[in-house]
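Quick notes on the structure that follows.
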Amino acid sequence: MKVIVNVQLKNGVLDPQGKAVHHALGSLGFNSVNDVRIGKQILLDVAGTDAEAAKEEVTKMCEELLANTVIEDYTIELA
């Protein structure tokens, strides 16, 4: 089963990489961008066919390793 985990910094957490990209886009003339937030996407191939069990297991992965829940939020999509 394919699982997509999206991890983003929580609102209010400084995103220096996003600020750098925003600045660079402005320097290149892309002035229509109001803000940039950089995150990461993690693609997992999880064994099994029980969607609920897979989501529960991936949630544990996120809480223990994949996301820093102090400063990051995450979403899980089953594909």
Side-chain angles (χ1 to χ4, degrees):
M1 176 179 317
K2 305 291 184 195
V3 181
I4 302 168
V5 178
N6 290 301
V7 181
Q8 293 283 321
L9 288 170
K10 290 182 176 179
N11 287 334
V13 175
L14 183 63
D15 182 357
Q17 190 177 12
K19 292 291 183 201
V21 170
H22 184 231
H23 178 74
L25 288 171
S27 296
L28 293 171
F30 297 104
N31 297 314
S32 63
V33 179
N34 292 324
D35 192 23
V36 176
R37 302 286 288 176
I38 302 291
K40 60 187 171 187
Q41 186 176 72
I42 303 164
L43 306 176
L44 302 170
D45 186 358
V46 178
T49 57
D50 184 340
E52 216 35 59
K55 188 169 184 175
E56 185 175 319
E57 185 175 23
V58 173
T59 297
K60 289 179 183 175
M61 292 177 197
C62 290
E63 296 289 328
E64 294 181 20
L65 178 67
L66 301 178
N68 178 349
T69 57
V70 173
I71 61 170
E72 296 174 323
D73 290 323
Y74 64 87
T75 59
I76 299 169
E77 299 173 35
L78 303 175

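Y74 pairs with exactly one of T59, L66, I42 by the side-chain contact (heavy atoms from CB on, under 4.5 Å) rule, that one being T59.
Annotation: D45, atom CG; neighbour count of heavy atoms from other residues, nucleotides and ligands within 6.0 Å is above 12. Atom CD of E56 sits in a sparse spot, with 12 or fewer heavy atoms from other residues, nucleotides or ligands closer than 6.0 Å. The 12-atom threshold is exceeded at CD of E72, counting heavy atoms of other residues, nucleotides or ligands nearer than 6.0 Å. Atom CD of Q17 has 12 or fewer neighbouring heavy atoms from other residues, nucleotides or ligands inside a 6.0 Å radius.
To the nearest 0.5 Å, atom CG of residue L44 and atom CE of residue M1 are 12.0 Å apart. Taking CG of D15 as the reference point, atom CG of D35 lies at 8.0 Å (rounded to 0.5 Å). Here CD of E57 is found 10.5 Å from CD1 of I76. Values are rounded to the nearest 0.5 Å. Interatomic distance, NZ of K55 versus CG of D50, reported as 12.5 Å (0.5 Å rounding). The CG atom of N68 lies 10.5 Å from the CD atom of E63; values are rounded to the nearest 0.5 Å.
In the hydrophobic cluster analysis, where Ile, Leu, Val, Met, Phe, Trp and Tyr join through side-chain heavy atoms closer than 4.5 angstrom, L65 is grouped apart from V70. Both V5 and L78 are assigned to one and the same hydrophobic cluster, defined by single-linkage of ILVMFWY side chains at heavy-atom distances under 4.5 Å. Transitive grouping of hydrophobic side chains (ILVMFWY, heavy atoms separated by less than 4.5 Å) keeps L14 and V33 in distinct clusters. V36 and V13 fall into different hydrophobic clusters, where Ile, Leu, Val, Met, Phe, Trp and Tyr side chains are chained together by heavy-atom contacts under 4.5 Å.
Nearest heavy atoms, T69 versus C62: CG2-O, 4.4 Å. In terms of heavy atoms, A54 sits closest to V46 at CB-CG1, 4.4 Å.
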Are L43 and K2 close enough, and set up right, to give a side chain to side chain contact (heavy atoms under 4.5 Å, CB included), and what steps lead you there? CA-CA 7 Å; L43 306 176; K2 305 291 184 195; over 6 Å; no
Begin from the C-alpha positions of K10 and D73 and carry the test side chain to side chain contact (heavy atoms under 4.5 Å, CB included) through to its verdict. CA-CA 6 Å; K10 290 182 176 179; D73 290 323; 3.2 Å; yes
